[in-house]
2 protein chains.
Amino acid sequence: MTAHPTAPRSRRERPAKPALTREGIIATTVDLMRAEGLERVTMRRLAKELDTGPASLYVYVRSMAELHAAVLDELLGGVDLTPAAADGEWRDRLGRILTSYTSVLFEYPGLAQSALVARPFGKHYLKLVEALLALLDEGGLEPDRAAWLLDLLLQFATATAAEHAHRAPGDAPQSESDWQALATVVRDVSPRTHPHIAALGTRLLSGSPQDRLAWGFDVLIAGARHAPPPDVLAPSPVHTRGTEG
Amino acid sequence: MTAHPTAPRSRRERPAKPALTREGIIATTVDLMRAEGLERVTMRRLAKELDTGPASLYVYVRSMAELHAAVLDELLGGVDLTPAAADGEWRDRLGRILTSYTSVLFEYPGLAQSALVARPFGKHYLKLVEALLALLDEGGLEPDRAAWLLDLLLQFATATAAEHAHRAPGDAPQSESDWQALATVVRDVSPRTHPHIAALGTRLLSGSPQDRLAWGFDVLIAGARHAPPPDVLAPSPVHTRGTEG
DNA sequence: ACCTGAACACCGTTCAAGT
DNA sequence: ACCTGAACACCGTTCAAGT
């Protein structure tokens with residue numbers, strides 16, 4: 001692909017190609033993703049864009065999953081954290097940050113899906129967590145509740161964004177008909193076998209994603225205060241994590 | 001899986017191969033998944049197992065995603081719904097059903113990941129929803145709150161299960177080291193730049209998945225009662241759904 | 001020592017062609 | 001009419017070999 005004998009050396013005025021470095025790979029992924037969607041950014045496609053073979057990428061990133069995590073953290077730089085230090089009620093400012101986080105993820109639901117499996121924990125993620133914890137602290141929430149609530153809030157926002165991953169290349173043609181199908185099922189359910197579903201009917205499906213999201217944050221924040229405290233908090237809880245015992 | 005009693009010319013004593021029908025395809029997917037994991041069940045692999053070509057499957061299933069949804073609903077038949085009609089406190093019985101749902105999904109986190117994007121809404125899913133709504137009704141929760149809480153509970157359980165999708169063929173080798181890396185990051189964070197993270201330290205990571213899950217259910221149920229009501233509930237809310245307006 | 005061509009071992013889905 | 005072989009258009013990752 002390089003160096004045709006007859007070609008002049010400045011072959012094309014393409015947008016400046018980043019050097020083959022970790023940063024360049026991440027930047028190119030972001031560009032390609034914005035232009036064509038996450039699902040078009042494959043290792044091979046990325047390599048082509050960088051005028052090399054796919055193997056070369058593995059010098060700088062461990063895997064596709066690791067690249068996704070790095071890209072997500074990059075995007076998280078776009079989350080508006082200014083409400084953390086602004087005036088006003090803490091609850092309101094918390095909501096504004098969480099909404100900003102969610103709207104960033106909404107642009108790339110596939111990335112949200114990755115984030116669910118492999119939490120990023122990069123630079124920007126850490127700043128986001130710090131801002132959220134500061135607000136929960138300001139709200140007077142017990143530290144242990146805040147620690148667990150943090151995960152609940154971020155997981156809820158991330159999962160909500162991930163739900164919108166339909167990998168559609170251009171539009172979302174099945175999303176609408178999916179929802180129509182759901183509405184039909186809910187409407188046509190027998191009141192004899194499913195009385196509670198029938199009674200609620202399409203109220204089960206009511207509300208915009210935004211309303212659902214806002215209510216979810218309300219529920220989590222109110223619930224963290226009113227639910228019994230996290231009851232299994234050993235003094236050194238690091239090693240109590242799950243399946244090994 | 002039933003033995004064909006006639007068996008005219010038994011060509012090979014293989015485990016009984018289901019006929020090429022929708023049910024047979026789903027059953028074979030479940031078998032293959034249990035034996036080798038979801039990630040090994042590809043359309044090609046499935047076709048091979050059924051002694052045909054991959055194209056033939058598309059006569060019975062629309063796509064891989066649709067097949068996943070069908071298989072998940074099949075698995076949801078294994079959720080224990082008996083607590084719905086049992087004695088005892090509604091809250092406790094609700095928790096038991098939700099835990100059963102989650103543990104079914106925990107066995108196949110990849111399926112949970114699919115479920116997040118494409119809700120199944122098959123026969124068994126509908127029965128699960130009915131059981132949960134019955135208990136929320138028994139608990140005296142307002143219908144509108146119950147409708148929205150239902151989604152929150154199922155989404156939380158599903159997302160929690162999906163988090164454990166690491167597609168590991170045999171073991172989970174990176175999961176443990178991932179967590180170690182996380183612990184290191186949290187421990188090594190600067191108290192100057194990230195005071196709240198530093199103050200909480202590994203308490204951020206405390207608790208087993210089970211404890212987190214149980215607390216999450218507590219938070220959602222308590223929160224649904226204490227949060228302000230869903231405020232955007234038009235009388236006929238079906239058409240108020242989001243992006244079109 | 002650092003990088004990469006080529007290969008390995010696959011994918012989901014479609015459609016023209018067979019029976 | 002119903003089914004499917006073969007093709008289309010790709011994948012992520014590894015490693016022996018080049019520079």
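Please read these numbers as outputs of a predicted model, since none were measured by experiment. Note on naming: letters A, B, ... go to the chains in the order of the sequence lines (proteins, then strands), and numbering restarts at 1 for each one.
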**Prompt:** To the nearest angstrom, how far is A:L50 atom CG from C:dT4 atom P?
**Reply:** 11 Å
**D:dC10 versus D:dA6 - spacing of their C1' atoms, nearest Å** = 16 Å
**Item:** Distance, rounded to the nearest Å, where B:Y60 contributes OH and C:dT14 contributes P
**Value:** 17 Å
**Prompt:** In chain order, what residues pass the salt bridge (Lys or Arg N to Asp or Glu O under 4.0 Å) check against B:R119, with sequence neighbours excluded?
**Reply:** A:E163, B:D151
**Fill in**
Looking only at C:dT13, D:dC3, D:dC15, the nucleotide nearest the A:A55 side chain is D:dC15
**Asked** B:E39 CD to C:dC11 P: how many Å, rounded?
**Response** 11 Å
**Prompt:** Which nucleotide, C:dG12, C:dT4, D:dT13, lies nearest any side-chain atom of A:L20?
**Reply:** C:dT4
**Asked** Stems in DNA chain D: runs of 3 or more consecutive Watson-Crick or G-U pairs, distances under 3.5 Å?
**Response** C:4-8 with D:12-16, C:12-16 with D:4-8
**Item:** Rounded interatomic separation in angstrom, taking CE from B:M43 and P from D:dC8
**Value:** 21 Å
**Request:** For the side chain of B:T52, starting at C-beta, report the closest nucleotide among D:dT4, C:dC11, C:dT4.
**Result:** D:dT4
**Request:** May I ask you to verify if any side-chain N or O of A:S56 is less than 4.0 angstrom from the OP1 or OP2 atom of C:dC3?
**Result:** no
**Message:** Name the residue from B:L46, B:V41, B:L72 that meets the side-chain contact (heavy atoms from CB on, under 4.5 Å) definition with B:L67.
**Reply:** B:L46
**Request:** Round to a whole Å and report the spacing from CG of B:L46 to P of C:dG12.
**Result:** 9 Å
**Asked** Does the side chain of B:L116 come within less than 4.5 Å of A:L116's, by heavy atoms?
**Response** yes
**Complete:** Testing D:dG12, D:dT4, C:dT4 for proximity to the side chain of A:R44, the answer is D:dG12
**Asked** Mind checking the P distance from C:dA9 to D:dA9? Whole angstroms is fine.
**Response** 25 Å
**Request:** Starting at atom NZ of A:K48, determine the distance to atom P of C:dT4, rounded to an integer number of angstrom.
**Result:** 16 Å
**Request:** Verify the distance criterion only: is there a donor paired with an acceptor across the side chains of A:D31 and A:T28 at less than 3.5 Å?
**Result:** no
**Message:** Of the options C:dG12, D:dG12, D:dC11, whose atoms approach the side-chain atoms of A:Y58 most closely?
**Reply:** D:dG12
**Sub-6.0 Å ring centroid separation between B:F217 and B:F156** = yes
**Request:** May I have the distance from A:M64 (atom CE) to D:dC10 (atom C1'), rounded to whole angstrom?
**Result:** 13 Å
**Request:** Could you check how far CG of A:D51 sits from P of C:dC3, rounded to whole Å?
**Result:** 16 Å
**Asked** Looking at side-chain heavy atoms only, is the closest gap between B:L98 and B:L213 below 4.5 Å?
**Response** no
**Item:** Donor-acceptor under 3.5 Å (B:S208 side chain, B:D211 main chain)
**Value:** yes
